[in-house]
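Per chain, numbering begins at 1; letters A, B, ... match sequence-line order.
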Amino acid sequence: MNNEYQSPKGQTAGIIGLVLGIIAMVLAFVPCIGMFAIVPGSLAIVFGTISMVLASNHNSPKGLAIGGLALSVVAIIVSSLWMMGMRRNGWIDTLLDRGVESDVKHSVIRILDDLEDTDILDDENELDDALLEMEVHEDDGESTLLLHMRSKKLEDQLRLLDSDSLGGEVSISDSAGVTKIVIKGKHR
Amino acid sequence: MSLWSSPYRAVSLLLAIVLAAVLLYPLLLGSKLPVPAMLSQLTGAQPPSRGLSRAFALIVRGRLGDAQAMNPHALRVFAFFALQLPMRLLAARCAHRGKAVLLVDIGLSATMFVLCMWPLIAYTCRALAVLL
C-alpha cells in the first residue's frame with residue numbers, strides 16, 4: 001500500500017482552473033458567443049499552470065490541473081478558430097462599424113416603441129429578423145434611412161405612422177417580396 | 001464536511017452555482033437582455049443557437065410551445081443545464097464515496113453534453129470548416 005503523503009498544495013488553483021475550463025468548453029460550442037470562450041479558457045490555463053507547478057513542487061495530485069488544462073486548450077482552439085474565421089471574412093471590422101448602425105436602429109426601435117402594439121419589436125434581435133439591409137446616408141444635414149425588410153407586421157405598423165412620428169418623410173414600395181422603406185429626415 | 005475537504009465536492013458546488021446563474025438569468029431578466037446574436041448580425045446566418053436566450057426565458061415561464069417555436073433545439077439545450085444542476089448537488093453530496101462516483105459522473109456528464117448540445121457542436125464544426 002502506498003502511504004506516501006500527498007500535499008493539498010495547488011488544489012485550490014486546480015479547482016478554479018477546472019471549473020473555468022468546463023465553462024470555456026461549453027461556451028466554445030455556442031455559435032453566437034463561441035469566440036468569448038477565450039476569456040475563461042485563458043484564465044483556466046493560468047490557474048491550471050499554477051496548480052501544476054505547485055503540485056509538482058509539493059507532491060500533490062495533478063488530476064485537477066490536467067483536466068482543467070485539457071478542457072481549456074480545446075476551448076481556446078475552438079474559440080481562436082471562430083476569431084480567425086471571422087477575421088478572415090472581415091466580420092471583425094464589420095463588428096466595429098456596427099456602432100453607427102445600431103444608433104440608427106435604436107432610433108427606429110424607439111419610434112416603434114411609441115406605437116400601441118409595441119410587442120412587435122421586443123429587442124434589437126427581432127429587428128434583425130425583419131431587417132435585410134439598412135443604409136444610412138447623410139447629406140447637407142439631412143439623413144436618409146433606407147430599410148429593406150421582410151416583416152409584413154413591421155411594414156404595416158410603419159405605414160400607420162406619419163412623417164412627424166418617424167422623424168422624416170416616408171416612402172414605401174414593394175418589390176419581389178421585399179419592402180423598401182425610405183425615411184428622409186434628421187436621424188441621430 | 002468542509003467545502004474544500006474534497007476537490008470533487010468543491011468543483012461540483014461551484015458548477016452548481018454557475019448553473020443556477022444560467023437558469024436564473026432568463027427568469028429574472030427575461031427577454032430584456034438577451035444574449036446578442038453576433039454571428040447572425042454579422043453574417044445573416046441562422047445558427048441553431050439563434051433565439052436560444054429568448055427561448056430559455058420562455059421555458060422558465062412554462063411556455064414550452066413558444067420556446068420550441070422560437071428555437072427548436074431550446075428544450076434539448078435547456079435540459080442539459082436543468083439536469084446538470086441536481087446532478088452537481090448530488091455529486092457534491094456523494095463526493096466521499098470514491099473514484100467510481102467521479103468516473104460515472106464524468107462519463108454521464110460528457111455524454112449529456114454531446115447529446116444535448118449536438119446541434120450546436122455539429123454547426124460549430126461545419127461553420128469552422130467553411131470559414132477556414
Closest contact, heavy atoms only, W82(A) versus L128(B):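 That would be N-CD2, 3.6 Å.
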Hydrophobic clustering (ILVMFWY, side-chain heavy atoms < 4.5 Å, transitive) - are [Y] and [X] grouped together?
X      : Y       : value
L19(B) : V30(A)  : yes
M83(A) : I33(A)  : yes
I59(B) : L52(B)  : yes
V46(A) : L27(A)  : no
L90(B) : V101(B) : no

Applying a criterion of heavy atom separation less than 4.5 Å, what residues of [range] form contacts with chain B?
range                     : result
residues 18-25 of chain A : L18(A), V19(A), I22(A), I23(A), M25(A)
residues 48-57 of chain A : none
residues 66-79 of chain A : V78(A)

Residues of residues 108-121 of chain B within contact distance of chain A, non-hydrogen under 4.5 Å: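 The residues closer than 4.5 Å to chain A, in numerical order, are F113(B), M117(B), L120(B), I121(B).
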So how far is it from I15(A) CD1 to S12(B) OG, rounded to the nearest 0.5 Å?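 The distance works out to 10.0 Å.
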Quick check on F47(A): does its CZ atom have over 12 non-hydrogen neighbours (other residues, nucleotides or ligands) under 6.0 Å away?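 Not buried by this count: 12 neighbours or fewer within 6.0 Å.
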Go through the atoms of V11(B) and report whether side chain, backbone, both or neither lie under 4.5 Å from a heavy atom of chain A.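 For V11(B), backbone and side chain are both near chain A.
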